[in-house]
Protein chains: 2
Amino acid sequence: MIKNIDKYCKDNNIKLTPVRLKVLELLQNEKCGLGAYRILDLLRDAGFNSQPPVAYRALDFLVEHGFVHKIESQNSFVACTDPGAHHSPVFMICKKCDSVSEAPASATASDLSEALMATGFKVEQTIIEAEGVCSTCADT
Amino acid sequence: MIKNIDKYCKDNNIKLTPVRLKVLELLQNEKCGLGAYRILDLLRDAGFNSQPPVAYRALDFLVEHGFVHKIESQNSFVACTDPGAHHSPVFMICKKCDSVSEAPASATASDLSEALMATGFKVEQTIIEAEGVCSTCADT
DNA sequence: ACTGTAATGTTATATTATATCATGAGGTTT
DNA sequence: AAACCTCATGATATAATATAACATTACAGT
Ligand SMILES: [Zn+2]
Ligand SMILES: [Zn+2]
Ligand SMILES: [Zn+2]
Ligand SMILES: [Zn+2]
């Protein structure tokens with residue numbers, strides 16, 4: 001998946017610097033959202049400078065370029081499962097195991113845009129987070 | 001609208017105390033989301049005790065009973081436009097004027113639930129926030 | 001070497017939210 | 001009425017999340 005991202009960076013003339021790459025890797029290794037200060041701790045463990053702006057800048061960059069998404073209801077961050085592609089993600093947040101999965105449900109966002117268009121509102125971006133129980137947890 | 005709420009409170013044996021009512025009224029008088037500390041200031045202006053827990057407790061109560069919704073992407077709160085009814089709201093947040101409107105689009109949430117069900121995820125609650133430009137702002 | 005831009009370092013502070021324990025106001029039971 | 005229970009509020013402190021501001025460095029283009 002880093003391959004896609006490398007290509008995207010070259011094409012768009014942006015740089016995945018060491019700290020940005022490290023944050024991305026940390027998020028890709030997790031199935032739960034990580035808070036900025038958790039990320040900061042992990043960065044410190046990995047030998048990076050550990051002041052808050054370091055983490056927030058890396059996260060801002062990653063979110064801006066679509067490599068990472070912010071989970072608003074948790075103030076946490078997750079790696080995108082389809083980076084580079086322009087999409088309106090839907091997140092499934094499990095109340096039992098805290099896992100966050102990005103659903104491939106792209107239809108929803110356009111349905112939503114259309115429904116809201118009828119009210120005169122022009123949608124530019126949607127935040128869709130579903131809380132519930134994931135299939136793994138449902139089995140137990 | 002307070003009528004519905006009064007009835008709901010009686011039916012459910014819960015109390016809309018002065019501070020809770022005041023917070024609700026403050027939110028009903030606004031078309032934008034208000035942050036907890038903004039509410040705290042307004043409470044102080046109205047002669048109430050102004051420590052953070054006062055506002056958060058009132059907000060927790062109001063959200064818990066569906067009289068108020070939290071806008072996760074803003075850490076702000078808005079009064080519900082259909083309190084008492086069990087619903088999955090969709091919010092339209094204008095980037096220009098900051099107004100927050102609750103859309104009557106109830107279909108979206110059930111569509112979403114069904115789409116996610118296919119992945120094995122059982123939706124209990126959805127957070128849907130659409131950012132864009134409201135009809136008023138579009139005209140200008 | 002000079003210059004412009006993006007990135008990082010560093011310190012301080014702003015904003016949002018909760019933990020904890022004490023006090024009070026109303027009902028219910030005895 | 002007194003004792004008791006429950007819910008709500010008062011009050012202090014602190015945790016968790018996020019940004020402002022300014023200094024320094026890296027590095028590409030001239
Ligand atoms: Zn994504
Ligand atoms: Zn789970
Ligand atoms: Zn509502
Ligand atoms: Zn507007």
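In what follows, chains carry the letters A, B, and so on, assigned in the order in which the sequence lines appear, proteins first and then strands, with residues in each chain numbered from 1. No experiment lies behind these values; they were computed from the predicted model shown.
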* Whole angstrom is fine here: how far is it from CG in B:L59 over to C1' in D:dA8? => 16 Å
* Asked: Are any side-chain N or O atoms of B:N49 and backbone N or O atoms of B:Q51, one a donor and one an acceptor, separated by less than 3.5 Å?
  -> yes
* To do: Could you check if a side-chain atom of A:F61 sits within less than 4.5 angstrom of a side-chain atom of A:T17, using non-hydrogen atoms only?
  => no
* Report the distance from atom CZ of A:F67 to atom CG of A:L21, rounding to the nearest 0.5 Å. => 11.0 Å
* Are side-chain heavy atoms of B:Y8 and B:I14 found at a separation under 4.5 Å? -> yes
* Which residue lies toward the 5' end of DNA chain D, A:P53 or A:G35, if each is placed at its nearest nucleotide? -> A:G35
* To do: Rounded to the nearest angstrom, tell me the gap between atom CG in A:L40 and atom P in D:dA15.
  => 17 Å
* **Atom pair distance, as rounded to whole Å: OH in B:Y56 and P in D:dT14** => 18 Å
* State which of D:dA18, D:dG10, D:dT12 makes the closest approach to the side chain of B:R57. => D:dG10
* Using heavy atoms and a sub-4.0 Å distance, could you list which residues of residues 9-19 of chain A are near DNA chain C? By number, please. => A:T17, A:V19
* To do: Mind calculating the distance between CZ (B:F48) and C1' (D:dA11) to the nearest angstrom?
  => 18 Å
* **Relative orientation of the end axes in the helix from C:dA1-D:dT30 to C:dT30-D:dA1, expressed as an angle to the nearest 10° (five pairs per end)** => 20°
* Side-chain touch B:C80/B:H87, heavy atoms, less than 4.5 angstrom -> yes
* In whole angstrom, give the distance that lies between atom CG of B:N75 and atom P of D:dA15. => 20 Å
* To do: Rounded off to whole Å, could you give me the CD1-to-P distance for the A:I39 and D:dT17 pair?
  => 11 Å
* Side chain of A:E129, backbone of A:E72: donor and acceptor closer than 3.5 Å? -> yes
* Asked: Looking at side-chain heavy atoms only, is the closest gap between A:Q74 and A:V100 below 4.5 Å?
  -> yes
* Asked: For the residue pair B:S88 and B:T126, what are the closest heavy atoms and their distance?
  -> CB-OG1, 3.9 Å
* Mind running ring-ring contact (aromatic ring centres under 6.0 Å, His included) on A:H69 and A:F91 for me, showing each step along the way? => CA-CA 10 Å; A:H69 299 293; A:F91 298 102; 5.2 Å; yes
* Structure fact -> Ranking D:dT19, D:dA8, D:dG10 by distance to the side chain of B:N49, first place goes to D:dG10
* **Rounded distance (nearest 0.5 Å) linking atom CZ of B:F48 with atom CD1 of B:I39** => 13.0 Å
* Asked: chain A on DNA chain C: first and last contacting nucleotide, 5' to 3', under 4.0 Å to a heavy atom?
  -> C:dA7 to C:dT11
* **Main-chain N/O of A:Q125 paired to B:E131 side chain as donor or acceptor, under 3.5 Å** => no
* Asked: Are A:Y37 and D:dT17 stacked, counting the six-membered base ring, centres under 5.5 Å, planes under 30°?
  -> yes
* Asked: Rounded to the nearest Å, what distance is computed from the NE2 atom of residue B:H65 to the C1' atom of nucleotide D:dC7?
  -> 12 Å
* Just checking B:R20: base, sugar-phosphate only, or nothing, at a heavy-atom cut-off of under 4.0 Å? -> sugar-phosphate
* Asked: Do B:R20 side-chain atoms and B:K15 backbone N/O form a donor-acceptor pair below 3.5 Å?
  -> yes
